[in-house]
Novice: 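Let me begin by handing over the structure; questions about it come next.
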Amino acid sequence: MWAKALSAKDFQNHPPPAILHAQNQSSISCQPSSPPPLVLPEHKPQLLYFHVDINSCYASCERILDPSLNGKPVVVLSNNDGCMVALSAEAKAMGYRLGEPWFKVKEGAEARGVIARSSNYELYGDISNRVMEVLREYAQGFEQYSIDEAFLTVRLSTRQAAHIARCIKDDIARRIGVPVCVGVAATKTLAKLSNKTAKNVPHLGGVCVWNLLPSGRRAHLFHHLPVDQLWGVASRTRKKLASMGIISIGDLATADLSTIRKRFSIVLMRTVLELRGTSCIPLEPVRKFKDQLIYSRSFSYPITDREDMAQVMSVYAQRASKRLVRDGQQAKLLTAFCATSFYGENMVFPTSAVRLQARTADPAVLTKAALTLLDRADFDGPRYARAGIMLTDLAPGDSSIAFEMFQYSHERRNVASLISQVEEKCGEGSLGLGRAGFTRKPVWEMKRELLSRRGTTHWDELVRASVR
DNA sequence: AGGCCTCAG
DNA sequence: AGTTCTGAGGCCT
């Protein structure tokens, strides 16, 4: 679709004269026409959004530790080695798709030289943190949007912005070792679109400043790209829009605002405004506390046995507890659930919600609550494929505070922190309460057969390099 | 307020 | 036979 939307020659022309540039800008943004500026528009400082994202993030991280993967098709698998969640450019070029189940393509892919890795979130998280640290150096406003994406705001002319964007890209490559693309525009939506353009048009060298694209190219993109290429527009909205004759991004940009508001939502209306150059999706402030916490996993083998499920619940509850403690939060409501395969005939999905006596992060209390699922689930027939624990009604809380009105006795004795101290000395999972205190890895634990090492965060998993 | 839908990465 | 996980936000009731 990008190939269709743009050919390389579209970008080989010189930018049009400034006056044409300015005219086109106003036709896109639908702003009232203002008197001609004294400076060329591209030299005038304005608030600009930068969108930076790591190219094929997980695959690029794997390459840091194992440079022999450079130039080869690399795919990274989801938890349980289920789907492909990241593909290197080479793997994409071979026609593999994000989200495809690995078992379907495994055989053929391996025969064609594709290299697969289980997802190593500890590695990706660490690399991500390092990248974000560098990005902050360049930003006035900053928002980490996901593990591999960030928005920056800077007050610059577009000419200066183009220079800074290149510096960012080079700096990240030099200091961290992963490739990034940068999109720059007056709104987040357009910055994201610019980033995508930077990724899909090699000629741009990984950097795209929306307002420095030749105006004809912008119009060309708007006209040829379908709406679901936009941030915030997916298949449902695409279909509904199509029924109204709105197919391309350009169609949406010129659609009637009040109709969009009425038939869709305020969200899509914002998208339309942002396409016209009016920024209305601000940088999100850093969210200190989450509203809910879910710990959910698929099993490597289906569970049919009550005692096995009891073990799963114990382990999951204690992992969820650990996250709560880490985030300095406590929960009031725990919902435990399990489910048979989503793809089977008659899916069953038993749940059990427990309102706790008081907010807590205590592993013993949460484990006991999670085990109530056993009374709700049928263990005569169903083959459970996954289970999880949802903690809601969260609030900040410190389990070491001693003068709460109500406290569980474990909390006074600080079981959670004791466990984490032991684990720090003896390793993750070395100590668990009740059924979570197994000595051998349980058989249902998710599959991660192709895991790389945690080479940047664990001393005993460091990578060796020989320098000649 | 809580369930459902949509979306994102 | 086997197909991710987590979180947010709007809309509706």
Side-chain angles (χ1 to χ4, degrees), chain A residues 51-59 75-87 97-107 117-121 124-125 128 143-151 188-189 192 195-196 199 227-241 260-271 281 284-287 289-302 316 319-320 323 327 329 332-333 335 337 339-345 347 349 351 353 355 383 385-394 444 446-449:
Chain A
H51 177 252
V52 183
D53 102 17
I54 305 175
N55 302 350
S56 313
C57 177
Y58 298 171
V75 303
V76 177
L77 308 177
S78 64
N79 283 339
N80 228 12
D81 292 349
C83 301
M84 300 190 280
V85 288
L87 288 79
R97 291 243 173 275
L98 218 64
E100 250 179 308
W102 176 236
F103 77 89
K104 273 191 179 170
V105 298
K106 178 178 178 180
E107 216 167 311
R117 290 275 189 269
S118 304
S119 31
N120 184 347
Y121 286 106
Y124 313 150
S128 166
E143 173 192 347
Q144 173 165 2
Y145 180 73
S146 72
I147 192 166
D148 69 332
E149 286 178 56
F151 287 105
K188 280 174 139 186
T189 302
K192 274 219 145 216
N195 192 310
K196 202 176 273 208
K199 279 211 166 55
V227 285
D228 60 359
Q229 293 291 303
L230 283 172
W231 185 37
V233 180
S235 70
R236 295 311 253 278
T237 308
R238 171 177 50 78
K239 280 177 196 143
K240 197 164 158 195
L241 283 170
I260 295 294
R261 175 68 188 90
K262 255 186 298 195
R263 310 259 319 249
F264 295 87
S265 64
I266 191 115
V267 181
L268 193 63
M269 191 180 89
R270 288 196 194 112
T271 300
I281 309 178
E284 296 277 340
V286 206
R287 175 181 292 277
F289 294 109
K290 284 183 278 198
D291 301 329
Q292 60 167 350
L293 189 159
I294 300 174
Y295 190 94
S296 142
R297 292 283 181 277
S298 299
F299 311 131
S300 49
Y301 300 101
Y316 285 17
R319 291 191 187 152
R323 286 196 188 173
D327 299 348
Q329 283 186 293
K332 185 86 213 273
L333 182 66
T335 309
F337 61 90
T340 55
S341 171
F342 184 67
Y343 303 89
E345 282 283 288
M347 172 158 107
F349 194 153
T351 65
R355 189 155 286 280
R383 295 160 54 78
R386 48 187 293 248
I389 287 182
M390 188 171 9
L391 296 168
T392 43
D393 213 338
L394 303 186
W444 45 262
M446 69 180 184
K447 240 184 290 184
R448 291 167 94 190
E449 287 165 354

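Here is the naming used below: chain letters follow the sequence lines, and residue numbers restart at 1 for every chain.
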Novice: Whole Å only: how far is the CZ atom of A:R97 from the C1' atom of C:dT3?
Specialist: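 One finds 17 Å between C1' of C:dT3 and CZ of A:R97, rounded.
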
Novice: Check A:K447 against A:S300 and note the closest heavy-atom contact, atom names and distance.
Specialist: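 Answer, listing the atom of A:K447 first, then A:S300: N-CB, 4.1 Å.
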
Novice: Under 4.0 angstrom, heavy atoms only, what part of the nucleic acid is A:N79 near: base, sugar-phosphate, or nothing?
Specialist: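 If one applies the 4.0 Å heavy-atom cut-off, A:N79 turns out to touch the sugar-phosphate alone, with no base involved.
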
Novice: side-chain contact (heavy atoms from CB on, under 4.5 Å) for A:D228 and A:T237? Distances and angles first, verdict last.
Specialist: CA-CA 8 Å; A:D228 60 359; A:T237 308; over 6 Å; no

Novice: Would you say that A:H51 contacts A:E149 through its side chain, given a criterion of any heavy-atom pair below 4.5 Å between the two side chains?
Specialist: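 With C-beta onward as the side chain, the pair touches.
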
Novice: Mind checking if A:W102 touches a base, just sugar-phosphate, or nothing, with heavy atoms under 4.0 Å?
Specialist: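 Contact class for A:W102: none.
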
Novice: Between C1' on C:dC5 and CZ on A:F337, what's the gap in Å once rounded to a whole number?
Specialist: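 Checked: the CZ to C1' distance equals 10 Å.
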
Novice: Taking atom P of C:dA8 as reference, at what distance in whole Å does atom CD1 of A:I147 sit?
Specialist: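 The answer, rounded to whole Å, is 16 Å.
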
Novice: Given atom CD of A:Q292 and atom P of B:dC4, what is their separation to the nearest angstrom?
Specialist: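 Rounded to the whole Å, the gap is 14 Å.
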
Novice: May I ask you to evaluate whether A:R383 reaches the phosphate of C:dA1, defined as a side-chain N or O under 4.0 Å from OP1 or OP2?
Specialist: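 It does not, given that no N or O in the side chain of A:R383 lies less than 4.0 Å from OP1 or OP2 of C:dA1.
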
Novice: Quick one: is C:dT6 close enough that its OP1 or OP2 comes under 4.0 Å of any side-chain N or O from A:R323?
Specialist: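 Indeed, a polar side-chain atom of A:R323 lies that close.
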
Novice: Considering every strand and a 4.0 Å limit on heavy-atom distances, what is the contact class for A:S119: base, sugar-phosphate, or nothing?
Specialist: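 Contact class for A:S119: none.
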
Novice: How many whole angstroms separate atom OH of A:Y316 from atom P of C:dC5?
Specialist: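 Those two atoms, OH and P, are 8 Å apart.
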
Novice: Are OP1 or OP2 of B:dC7 and a side-chain N or O of A:T237 less than 4.0 angstrom apart?
Specialist: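 Yes, A:T237 has a side-chain N/O under 4.0 Å of OP1/OP2 on B:dC7.
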
Novice: Is any side-chain nitrogen or oxygen of A:S298 closer than 4.0 Å to OP1 or OP2 of C:dC5?
Specialist: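 Result: yes.
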
Novice: Tell me what A:L293 touches on the nucleic acid: a base, only sugar-phosphate, or nothing, going by heavy atoms under 4.0 Å.
Specialist: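 Sugar-phosphate, no base atom in range.
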
Novice: Please classify the nucleic acid contact of A:E149 as base, sugar-phosphate, or nothing, using heavy-atom distances under 4.0 Å.
Specialist: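 A:E149: backbone/sugar contact only, no base atoms under 4.0 Å.
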
Novice: Is the shortest side-chain N/O distance from A:R261 to OP1 or OP2 of C:dC11 below 4.0 Å?
Specialist: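 Yes, such a contact exists.
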
Novice: Taking atom P of C:dT3 as reference, at what distance in whole Å does atom CG of A:D81 sit?
Specialist: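 Spelled out: CG on A:D81 to P on C:dT3 is 12 Å.
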
Novice: Contact class for A:L77 (heavy atom, under 4.0 Å): base, sugar-phosphate, or nothing?
Specialist: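 Nothing: the residue A:L77, judged by heavy atoms under 4.0 Å, touches no strand.
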
Novice: Under 4.0 Å, heavy atoms only, any strand: does A:L230 hit a base, just the sugar-phosphate, or nothing?
Specialist: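 Result for A:L230 = sugar-phosphate.
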
Novice: If I compare all heavy atoms of A:R238 with all of A:V233, which pair ends up nearest, and what's the gap?
Specialist: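 Distance-wise, the nearest heavy atoms are N-CG1, 4.3 Å.
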
